[in-house]
Undergrad: 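Pasting a structure below so you can have a look.
Here the structure is a predicted model, which means the values were calculated and not measured.
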Amino acid sequence: MSLWEYANPVKFIRTTDKVLPWVWALTGICLVTGLVWGFFFTPDDFRQGSTVKIIYIHVPSALMAINAWLMMLVASLIWIVRRHHVSALAARAAAPVGAVMTMIALATGAFWGQPMWGTWWAWDPRLTSFLILFLFYLGYMALWEAIENDDTAADLTSILCLVGSVFAILSRYAVNFWNQGLHQGATLSLDKEENISDVFWFPLLFCIAGFVLLFIALVFLRTQTEIRARRTRALLAREGQA
């Protein structure tokens with residue numbers, strides 16, 4: 001069985017219909033466990049106080065904001081190379097989810113930054129690149145809506161996705177590229193010495209897993225909707241030509 005079989009819209013819908021209930025269930029378990037554990041059963045930080053608990057929403061949303069765009073990049077490349085419509089529609093379906101994740105990351109970052117930095121916003125490299133990434137999300141969605149022909153829209157948005165990927169990478173590694181800026185380094189690292197304390201780390205992992213599963217569930221659901229909408233448009237176009 002080849003992975004490319006799932007490029008068939010009917011097979012994709014049938015498979016995701018079976019998988020979605022399990023993904024939703026795991027999403028709920030991970031999010032409830034992580035958020036309840038993190039907000040109610042972890043101590044205040046000795047330096048940041050209770051504001052440190054914003055980490056359980058800010059870090060997962062920021063990770064998904066970047067990785068959603070990278071997922072769109074992979075789907076767009078598949079469309080360019082293989083011309084599979086499901087991949088293009090999956091990229092389109094992921095864009096609003098990624099945009100919301102980016103907006104959540106920016107908002108929670110502002111709430112976290114104000115007591116720590118004394119300001120709601122600073123033109124920090126990572127903050128600025130995240131804002132630009134959010135604008136790319138908006139531009140990507142607007143471009144899809146502005147073009148009537150689905151294949152042409154998929155081509156142009158795929159090119160835009162390639163360009164926007166530069167800012168997705170900058171958003172992830174901005175602190176490493178530039179020494180200046182207020183934003184801290186990575187919260188999670190393969191280097192154990194750079195990770196946050198285990199008392200915060202374990203519930204954070206549950207929250208990250210929950211956000212990943214939530215993204216997968218929403219993309220599956222929205223891709224199904226996009227496939228059905230494409231079919232509807234095709235049927236209406238045929239009836240108009242008859």
Side-chain angles (χ1 to χ4, degrees), residues 2-17 20 61-107 128-172 211-212 214-242:
S2 171
L3 180 64
W4 302 114
E5 290 182 18
Y6 296 97
N8 180 289
V10 175
K11 187 173 183 63
F12 177 86
I13 290 176
R14 287 176 179 172
T15 303
T16 51
D17 274 341
L20 266 173
S61 61
L63 285 174
M64 291 317 304
I66 299 167
N67 288 306
W69 191 276
L70 295 181
M71 172 263 161
M72 290 162 56
L73 171 63
V74 172
S76 297
L77 289 173
I78 292 173
W79 163 253
I80 292 172
V81 175
R82 306 280 301 210
R83 310 302 284 182
H84 288 318
H85 288 97
V86 171
S87 63
L89 296 177
R92 182 179 186 179
V97 184
V100 171
M101 293 290 183
T102 309
M103 188 165 54
I104 292 172
L106 288 169
T128 305
S129 58
F130 244 83
L131 178 60
I132 296 173
L133 179 61
F134 179 64
L135 296 177
F136 265 99
Y137 271 117
L138 296 182
Y140 181 93
M141 292 185 289
L143 189 58
W144 263 108
E145 295 298 328
I147 301 173
E148 292 186 5
N149 184 277
D150 287 339
D151 288 356
T152 302
D155 289 336
L156 294 178
T157 52
S158 295
I159 295 171
L160 179 62
C161 194
L162 292 173
V163 177
S165 298
V166 174
F167 290 95
I169 295 172
L170 287 177
S171 299
R172 175 64 182 85
F211 270 72
V212 171
L214 178 62
F215 173 76
I216 292 171
L218 290 174
V219 170
F220 280 171
L221 188 63
R222 286 185 49 78
T223 303
Q224 289 182 348
T225 303
E226 293 292 345
I227 290 171
R228 293 186 175 105
R230 182 185 175 92
R231 286 179 177 174
T232 301
R233 289 193 296 270
L235 290 172
L236 291 174
R238 289 176 186 174
E239 290 180 1
Q241 292 175 357

Undergrad: Test of understanding: with ring pair (Phe, Tyr, Trp, His ring centres under 6.0 Å), list the residues that count as partners of Y137, not counting sequence neighbours.
TA: W69
Undergrad: Would you say the side chain of P96 lies within less than 4.5 Å of the side chain of R222, judging by non-hydrogen atoms?
TA: yes
Undergrad: Is there a side-chain contact between E145 and R92 (heavy atoms, below 4.5 Å)?
TA: yes
Undergrad: Atom CG of L156 and atom SG of C161: how far apart are they, to the nearest 0.5 Å?
TA: 13.0 Å
Undergrad: Would you say the side-chain atoms of T157 pair up with the backbone N or O of A154, donor to acceptor, closer than 3.5 Å?
TA: yes
Undergrad: Please lay out, stage by stage, how R228 and I13 fare under the test side chain to side chain contact (heavy atoms under 4.5 Å, CB included).
TA: CA-CA 10 Å; R228 293 186 175 105; I13 290 176; 3.4 Å; yes
Undergrad: Could you walk me through whether V10 and I227 pass side chain to side chain contact (heavy atoms under 4.5 Å, CB included), step by step?
TA: CA-CA 9 Å; V10 175; I227 290 171; over 6 Å; no
Undergrad: Just grab all the side-chain hydrogen bond (donor to acceptor under 3.5 Å, both in side chains) pairs involving residues 93-104, residues at least two apart or on different chains.
TA: none
Undergrad: Going through the distances and angles, do T16 and T223 end up as a side chain to side chain contact (heavy atoms under 4.5 Å, CB included)?
TA: CA-CA 10 Å; T16 51; T223 303; over 6 Å; no
Undergrad: Counting only heavy atoms from other residues, nucleotides and ligands, does the tally under 6.0 Å from CZ of R14 exceed 12?
TA: no
Undergrad: Where do Q224 and L20 land on the side chain to side chain contact (heavy atoms under 4.5 Å, CB included) test, with the steps shown first?
TA: CA-CA 11 Å; Q224 289 182 348; L20 266 173; 4.1 Å; yes
Undergrad: Look at R230 together with D151 and state whether they make a salt bridge at an N to O cut-off of under 4.0 Å.
TA: yes
Undergrad: If we ignore hydrogens and angles and just use 3.5 Å, is the side chain of T225 paired with the main-chain N or O of L221 as donor and acceptor?
TA: yes
Undergrad: Mark yes or no: R83 above the aromatic ring of W79, with NZ or CZ under 6.0 Å from the six-membered ring centre and no more than 45 degrees from the axis.
TA: yes
